[in-house]
Amino acid sequence: MRVAFDPGPRDGAPRIQRLHEDGSPAGAPEALPDLAAVAALEKAEAPRWVFARARTYRRLLAAGVGAPVGVGRAHDVELVEGLLVAADGRFGQPHGLAAAVARLHGRTPDPDPPAVEDGPPALFDTAAPGDELADVVAVHAAQQRVLAAAGPGMRLLAAAESAGMLVAEEMTAAGLPWRADVHDRLLVELLGPRPVLGGRPPKLAALAEAVDAAFGRPVNPDSPAEVLRAFARAGHELSSTRSWELKQVDHPAVAPLLAYKELARLHSAHGWAWLRSWVRDGRFRPEYVVGGVVSGRWASRGGGALQIPKAVRAAVRADPGWRLVVADAAQLEPRVLAALSGDHALAPGDEDLYTALAAREFGGDRAKAKLALLSAMYGQTSGGAAVLLATLRRRFPAAMAFVEDAARAGEEGRLVRSHLGRTCPPARPGHEQPAAARARGRFTRNFVVQATAAEWALVLLAELRGQLRAAGSPAELVFFQHDEVLLHAPAEVAEETVAAVHTAAATAGRRLFGDSPVRFPMQARVVEGYDER
DNA sequence: CGTATAAGCGCC
DNA sequence: AAAGGGCGCTTATACG
């Protein structure tokens, strides 16, 4: 059973409509007395809820519906529309509910409305006039027709993307445990006491002075142009101030400048201002954007959630009596390539893939093995990669042919798709130019692997969430970053949470690749702080 | 004054 | 030695 849901205007009654699996109505629209009625229906029937968009579920969670477990299954009409539009070779074209309705009626859709910010409910309400329930029902039915014809991969992808929406909203609601006091202590250790009136913290100021002294004149280390001029005067012509380039230079300003840049970045990106803006009540609450990256990876808004530097991870600490379960997929992308291409010798078991490959082909040099594989998946050709790639081509011809076919498709302006059917954006005008064609080839080469890895991770999240719900576990998913998951769990259920992670990983592999021998192991650890190994 | 872009670097 | 996929964010800088 599916149930389309419209939360209605702010003070109006929410409505539902029961649907058959193919999206056709199984009854007339029904008024619900309040949002809490959703929880009752979930408990009684556990339908797949058809929501217009993530914000619908966010409203339910904000209203405390079904807390702490929310709803079990969903179909996110706008996310699915995005997948279908892309599959049709029209990636990025409008895929909001209104656009989908327009398309149903043969009209050219208007651009999607900008994302509605959290604010007074009136803003939200005026943004969606008309009969949203009818629109959701109609578009969903059309989507089900397309999905039925598209095959099992796309159906799984639609379900996984929608499950991702549920996880993302719940994660935002839960927040990542964040100890502001620990974060502050780290900053003071690295930067010195927080300056009261703004300006540079003591250690940054000292490094800036050391740079001035080395150049014999004031140089703003935050200005790449000034730094370049200063080095030029000292006889060093640089093309940039990137750290790898600075490291080549023999000049007394280099060491303090590199130290300055590292600490300045910490100060500006994850310093006291960040802490003040993003951490409230012991939680860091970024907003996750499912499908926000072309490859299907999530993006985030606010606080740079997907770039938390290792230097501050000690601030992520479990509540008293609780633990963090930190789980990351081991060498996910090369394993995905092995499964995609059927070149199973590339990923023979659970052991570290790079170490195993190094032992067989690269004289035990793990770094070489890793560079070789990343080069194959990213399209790198220089920096000594060519000779490594020749080895891979000899030993793993199917895997290499797979990524090279994807690259050729891109160069020729064709579309490529992930394993389940996520489709890359079309080539842009000018892609025939050789440099642009090569760049697109690198993009499509990487897309097939990265997008498939992203959908493995989505299925993992969905499976893990499903297991926790089925077990009535109090563990919460609190962070997700491409191939890494953090859960926050009472200490006494930490180990069973680890077991759930391993089970979910194995299940995700089977759901994507059937009985492929390629394994997708996750390393999971129970810790109190995110910095602990 | 605010906005747009480039540089640079954090994460995967 | 030097460079290749995907992002978000901050600062400096140019521009209207």
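Every chain is numbered from 1, with letters handed out A, B, ... down the list of sequences. Values below: every heavy atom of this structure, side chains too, minus hydrogens, waters and symmetry copies.
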Handout entry: Sugar-phosphate, base or nothing in reach of A:S240, heavy atoms under 4.0 Å
Key = sugar-phosphate

Exercise for the section: Identify which nucleotide among C:dC7, B:dG8, C:dA2 has an atom closest to any side-chain atom of A:K261, counting heavy atoms from C-beta outward. Expected result: B:dG8

Problem - Nearest-Å distance for atom pair CE/P, residues A:M377 and C:dA3 - result: 20 Å

Practice task
Using atom CG of A:L176 as one end and atom P of B:dC11 as the other, report the distance to the nearest whole Å.
Solution key: 16 Å

Practice task
Take atom CH2 of A:W456 and atom P of B:dC12, then tell me their distance rounded to the nearest Å.
Solution key: 16 Å

Exercise for the section: May I ask you to check whether A:R285 and A:T172 show a side-chain donor-acceptor distance below 3.5 Å? Expected result: no

Practice task
Could you tell me the separation between the CG atom of A:L388 and the P atom of C:dA1, rounded to a whole number of Å?
Solution key: 17 Å

Exercise for the section: Select one nucleotide: of C:dG5, C:dA3, C:dC7, the one nearest the side-chain heavy atoms of A:R297. Expected result: C:dG5

Practice task
May I have the distance from A:E287 (atom CD) to C:dC9 (atom P), rounded to whole angstrom?
Solution key: 10 Å

Practice task
Quick one: label A:G292 by what it contacts on the DNA or RNA (base, sugar-phosphate, nothing), any heavy atom closer than 4.0 Å.
Solution key: nothing

Exercise for the section: Using only heavy-atom distances, decide whether a donor-acceptor pair under 3.5 angstrom links the side-chain of A:Q450 to the base of C:dG6. Expected result: no

Exercise for the section: Among the candidates C:dT11, C:dC7, B:dG10, find the nucleotide nearest to the side-chain atoms of A:V294. Expected result: C:dC7

Handout entry: Candidate nucleotides C:dG5, C:dA3, C:dG8, ranked by approach to the side chain of A:A299 - the nearest
Key = C:dG8

Handout entry: Under 4.0 angstrom between A:S295 side-chain N/O and C:dG6 OP1 or OP2
Key = no

Exercise for the section: Just call it for A:R440: base, sugar-phosphate, or nothing, with non-hydrogen atoms closer than 4.0 Å on any strand. Expected result: nothing

Practice task
Specify the separation, in whole Å, of atom CD of A:E245 and atom P of B:dA7.
Solution key: 13 Å

Handout entry: Interatomic distance, A:L374 CG vs C:dA3 C1' [rounded to whole Å]
Key = 13 Å

Practice task
Return the value, rounded to whole Å, for the distance between atom CD1 of A:I308 and atom C1' of B:dC9.
Solution key: 16 Å

Completion exercise
Quick note, A:H482 side chain, CB onward, closest among C:dG6, C:dA2, B:dG10 is C:dG6

Practice task
Would you kindly say whether A:N220 and A:S223 are connected by a side-chain donor-acceptor distance under 3.5 Å?
Solution key: no

Completion exercise
Checking B:dG10, B:dC12, C:dC7 against the side chain of A:V293 (C-beta onward), the nearest is C:dC7

Practice task
I would like to know whether A:I308 and A:F284 meet side chain to side chain contact (heavy atoms under 4.5 Å, CB included); could you show each step before the answer?
Solution key: CA-CA 11 Å; A:I308 299 171; A:F284 168 43; 4.2 Å; yes

Practice task
Check whether any side-chain N or O of A:S223 sits under 4.0 Å from OP1 or OP2 of C:dT13, and answer yes or no.
Solution key: yes

Practice task
Return the 5'-most residue of the pair A:D222, A:S300 with respect to DNA chain C, ranking by each residue's nearest nucleotide.
Solution key: A:S300

Practice task
Determine whether the side chains of A:S418 and A:E455 contain a donor N or O and an acceptor N or O closer than 3.5 Å.
Solution key: yes

Handout entry: Presence of A:R242 side-chain N/O under 4.0 Å of B:dG8 phosphate oxygens OP1/OP2
Key = yes

Practice task
Please state whether the phosphate of B:dG10, meaning OP1 or OP2, lies under 4.0 angstrom from any side-chain nitrogen or oxygen of A:K310.
Solution key: no

Handout entry: side chain to side chain contact (heavy atoms under 4.5 Å, CB included) between A:L324 and A:L487, worked out
Key = CA-CA 6 Å; A:L324 297 172; A:L487 300 105; over 6 Å; no

Exercise for the section: Could you tell me whether the phosphate oxygens of B:dC9, OP1 or OP2, come under 4.0 Å of any side-chain nitrogen or oxygen in A:R265? Expected result: no

Practice task
Give the C-alpha distance, both sets of side-chain angles, the deciding distance and a yes or no for side chain to side chain contact (heavy atoms under 4.5 Å, CB included) between A:W178 and A:V316.
Solution key: CA-CA 5 Å; A:W178 197 284; A:V316 180; 3.4 Å; yes

